[in-house]
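Working notes, beginning with the structure itself.
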Amino acid sequence: MTRIHPRYGISFFATCNSGSATTIIRPYSSSTSISVKCKSGLNINFENIKCLDDAVTLFHHIVSRQPPPSVLVYCKLLNTILYMKHYSDVISLFREMRKLGIPINDFILNIVVNNYFLMHHADCAYSVLPIYLKNGIPFDVVTFNTLLRGLFAENKVKDAVELFKKLVSVKICEPNEVTYAIVMNGLSKRGHTQKTLSLLRLMKQGNTKPDIYIYNIVIDAFCKDGNLDAAINLLNETKLKGIPPNIVTYSSLIDGFCKLGQWEKVKTFFSEMVNLNIFPNVHTFTMVIDGLCKEGKVEDAEEVMEHMIEKGVEPNVFTYSAIMDGYCLRGQLDRARRIFDFIIDKNIQPNIFSYNILINGYCKEKKMVEAMQLFHELSQKRSKPDIVTYNTILQGLFEVGRIGDAGKFFTEMLSTGAIPNFYTHGILLNGYLKYGLVEEAMSLFNELERTKENIGIISYNIIINGLCKNGKLDKAHAIFEKLTLMGLLPNARTYNTMINGFCLEGLLDEAKDMLRKMEDNGYLPDNVTYNIIVQGFLRCGKISEMATFMKEMAGSGFSFDATTTGFLVNVVRENPSVLDMIPELHLKNKK
DNA sequence: GTAGGGTTAG
């Protein structure tokens with residue numbers, strides 16, 4: 001008897017003589033679009049499952065069938081529901097399977113483990129492991145890979161590394177390339193480049209040999225660290241070992257050089273790649289375009305985009321977003337908005353990043369009406385505002401002095417369930433201190449110190465700066481001194497902030513001491529340092545000392561910024577004889 | 001299992 005089901009197709013309920021599935025047809029690349037055809041003719045097209053109801057209905061139809069359908073059908077079904085993100089339903093169906101005594105296998109259990117991680121229930125994922133044992137199902141490498149991927153996704157790095165070590169030492173099963181890739185990627189993305197490299201070296205000693213995926217992870221980690229020499233060494237190593245580099249390898253290197261602004265090297269590697277018949281794709285071109293835009297060379301970026309189109313590579317939403325950001329950084333909001341509207345016309349949907357870029361552009365230009373309008377537009381969309389959107393608007397409100405609205409906005413943000421991150425707290429601290437709300441800032445700061453969450457050198461720099469600006473130099477200095485005791489290293493900005501703090505109080509000797517400390521700790525004074533000190537001299541009317549300092553500054557290739565120039569103009573206006581004390585200024589002045 | 005984008009400090 002054959003019944004016709006509107007969704008599942010004609011033969012879905014056809015009588016099935018054997019439970020075993022014999023053919024898997026993959027019509028499309030998506031994991032959900034798979035047909036399972038049984039010997040008997042039971043034919044389920046999973047692509048026709050459009051919603052949870054469809055899947056559950058199908059489940060209840062197949063559980064009652066005799067003879068029972070293959071376990072593969074249940075695998076596909078659970079995976080389909082998992083793909084729809086109905087995680088709790090995967091679990092309840094799995095429980096129902098167990099209750100009905102439906103046989104399970106390693107695939108089913110791996111899906112359940114993966115599902116628990118997607119639900120952010122690492123503990124439950126672990127609780128599946130005994131089910132393997134009870135049912136005599138051996139752990140396979142996929143089980144461990146799923147566990148490891150889940151642990152990294154949950155940011156449980158220690159647990160993941162421990163599990164991996166156990167896997168290697170106890171030899172429960174042999175880790176494969178994917179296992180190494182998961183662990184190495186998890187470590188490299190958290191800044192542990194050396195540990196990632198160690199694993200590559202460890203692999204060489206074992207049975208699992210590194211392939212290009214593995215090399216790419218390490219090469220990319222070095223590129224992200226700006227250590228291009230190390231990355232190139234590894235590139236040469238792949239060539240020597242006869243592992244051909246691919247487009248990902250070259251894209252990582254090109255991105256690394258773009259971020260360092262080494263455009264000649266970018267060209268060199270572009271040619272090398274093309275000579276090897278590896279052609280740049282939309283990722284590669286977008287990296288170059290982004291690098292150019294970040295340097296303010298949007299016109300050059302547009303040219304690269306024309307070039308890629310000529311080569312048959314279509315720009316995508318990433319590419320256009322990079323160009324939008326370039327225009328926003330130059331304050332050319334109209335151009336950015338054109339691009340935004342243009343891509344909509346081209347049927348390319350702007351994503352959360354495109355929105356955030358444009359919202360940030362408006363905020364930086366203090367156009368909060370437009371920014372809020374986009375925010376509300378985004379709220380209606382499927383890709384809701386994320387933490388970056390909230391941070392951007394929050395910063396914008398503080399920037400224009402709407403402190404009350406910033407507070408309300410923050411509360412509103414919390415009510416949507418958004419979780420404040422490192423940036424959020426930095427923005428709040430800076431916002432409070434900018435408007436003299438020292439108590440609010442300190443109470444938040446103390447809370448952050450207590451929980452040790454979302455706190456780092458940047459938070460300390462913000463607090464030190466804010467305290468200095470609010471006339472609390474002593475307190476700022478005490479926090480600065482505390483840093484080293486806590487094992488948190490001050491960076492160049494920390495020193496500049498302290499130097500500025502001393503200069504603001506006219507304590508130039510202390511400022512100079514701090515400058516020396518800065519140099520002792522390996523930070524050369526930069527343009528900001530020099531400008532801070534010059535402003536300090538000017539504030540105290542110490543013109544001749546400033547003149548000496550200026551000569552040193554000019555010799556090191558530094559120059560006055562807008563604030564210092566403004567200071568100087570005021571000083572000269574009040575006391576023109578200053579000009580006679582500094583002959584170099586005459587030249588500058590005439591210019 | 002590998003590559004591209006957005007938010008904080010001097």
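Order of the sequence lines fixes the chain letters, A, B, ..., with proteins taken first and strands second; residue numbering starts at 1 for each chain. Just so you know, these numbers come straight off a predicted model, no measurement behind them.
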Indicate yes or no for a side-chain donor-acceptor contact from A:Asn430 to the backbone of A:Gly426 under 3.5 Å, with no hydrogens or angles considered. no
Measure the distance from CE on A:Met184 to P on B:dA3 and round it to the nearest whole Å. 12 Å
Partner residues of A:Lys311 under the salt bridge (charged side-chain N to carboxylate O under 4.0 Å, His left out) criterion, sequence neighbours left out: none
Sorted by number, residues from residues 451-463 of chain A placing a heavy atom under 4.0 Å from DNA chain B are A:Ile458, A:Asn461, A:Ile462
Contacts of A:Phe257 meeting ring pair (Phe, Tyr, Trp, His ring centres under 6.0 Å) (sequence neighbours excluded), chain-then-number -> A:Phe269
Could you tell me whether the phosphate oxygens of B:dA9, OP1 or OP2, come under 4.0 Å of any side-chain nitrogen or oxygen in A:Asn465? no
Does A:Tyr423 stack onto the base of B:dT8, taking stacking as ring centres under 5.5 Å apart and planes under 30° apart? no
A:Lys434 side chain N/O closer than 4.0 Å to the phosphate oxygens (OP1, OP2) of B:dT8? no
Using the ring of each side chain (for Trp, its six-membered ring), is A:His477 parallel, tilted or perpendicular to A:Phe502, with breaks at 30° and 60°? perpendicular
Could you check how far CD1 of A:Ile348 sits from P of B:dG4, rounded to whole Å? 20 Å
Between P on B:dG4 and CD1 on A:Ile357, what's the gap in Å once rounded to a whole number? 15 Å
Rounded to the nearest 0.5 Å, what separates atom CD in A:Glu519 from atom OG1 in A:Thr529? 9.0 Å
Under-4.0 Å side-chain N/O to phosphate OP1/OP2 contact, A:Asn185 with B:dT2: yes
Polar side-chain atom of A:Arg539 near backbone of A:Gly506 as donor-acceptor pair, under 3.5 Å: no
The side chain of A:Ile427 is closest to which nucleotide in this list: B:dT8, B:dG1, B:dA3? B:dT8
Look at the side chain of A:Asp211 against the base of B:dG1 and say whether a donor-acceptor pair falls under 3.5 Å; ignore hydrogens and angles. yes
Spacing of A:Lys224 atom NZ relative to B:dA3 atom P, expressed in whole Å: 6 Å
Charged N to carboxylate O under 4.0 angstrom, A:Glu399 versus A:Lys364? no
Checking side chain to side chain donor-acceptor pair (under 3.5 Å) for the pair A:Asn491/A:Thr494: CA distance, chi angles, key distance, verdict? CA-CA 5 Å; A:Asn491 63 17; A:Thr494 324; 2.9 Å; yes
Between B:dG4, B:dT7, B:dT8, which one does the side chain of A:Asn430 approach most closely? B:dT8
Whole angstrom is fine here: how far is it from CE in A:Met308 over to C1' in B:dG4? 11 Å
By the 4.0 Å heavy-atom rule, please label A:Ile214 as base, sugar-phosphate, or nothing. base
Once you round it to whole Å, what is the distance between C1' of B:dA9 and CD1 of A:Ile464? 10 Å
Considering only heavy atoms, which members of residues 511-526 of chain A lie under 4.0 Å from some atom of DNA chain B? A:Asp526
From the set B:dT7, B:dG4, B:dT2, return the single nucleotide nearest to any side-chain atom of A:Phe318. B:dG4
Tell me whether the side-chain N or O atoms of A:Asn216 pair up with the base of B:dG1 as donor and acceptor below 3.5 Å, since no angle test is needed here. no
Considering every strand and a 4.0 Å limit on heavy-atom distances, what is the contact class for A:Ile352: base, sugar-phosphate, or nothing? base
A:Asn246 (side chain) and B:dA3 (base): donor-acceptor pair under 3.5 Å: no
Looking for any heavy atom pair under 4.0 Å, which part of the strands does A:Asn145 touch: base, sugar-phosphate only, or nothing? nothing
Could you pull out all residues at least two apart from A:Lys512 that satisfy salt bridge (charged side-chain N to carboxylate O under 4.0 Å, His left out)? A:Glu545
What is the distance from CE of A:Met203 to P of B:dG1, rounded to the nearest Å? 15 Å
Given B:dG4, B:dT7, B:dG1, identify the nucleotide with an atom nearest to the side chain of A:Glu177. B:dG1
Can you name the side-chain contact (heavy atoms from CB on, under 4.5 Å) partners of A:Asn421, sequence neighbours left out? A:Ile387, A:Asn391, A:Tyr423, A:Thr424
Any donor-acceptor pair under 3.5 Å linking the side chain of A:Asp211 with the backbone of A:Ile214? yes
For A:Leu488 and B:dA9, what is the distance between atoms CG and C1' respectively, to the nearest whole Å? 13 Å
Of the options B:dG4, B:dA9, B:dG1, whose atoms approach the side-chain atoms of A:Thr286 most closely? B:dG4
Taking OP1 and OP2 of B:dA3, is either one under 4.0 Å from a side-chain nitrogen or oxygen of A:Lys189? yes
For A:Ser321, report the nucleic acid contact type (base, sugar-phosphate, nothing); a contact means any heavy atom under 4.0 Å. nothing
Look at all strands and tell whether A:Phe422 reaches a base, only sugar-phosphate, or nothing, counting heavy atoms closer than 4.0 Å. base
What nucleotide, of B:dA3, B:dG4, B:dG1, holds the atom closest to the side chain of A:Ala181? B:dG1
What contact category does A:Val288 fall into here, base, sugar-phosphate, or nothing, at under 4.0 angstrom with non-hydrogen atoms? nothing
On the 0 to 90° scale, with breaks at 30° and 60°, tag the A:Phe409-A:Tyr390 ring pair as parallel, tilted or perpendicular. tilted
Is A:Lys469 close enough to B:dA9 that one of its side-chain N or O atoms is under 4.0 Å from OP1 or OP2 there? no
Using a cut-off of 4.0 Å on non-hydrogen atoms, how would the nucleic acid contact of A:Asn531 be classed: base, sugar-phosphate, or nothing? nothing
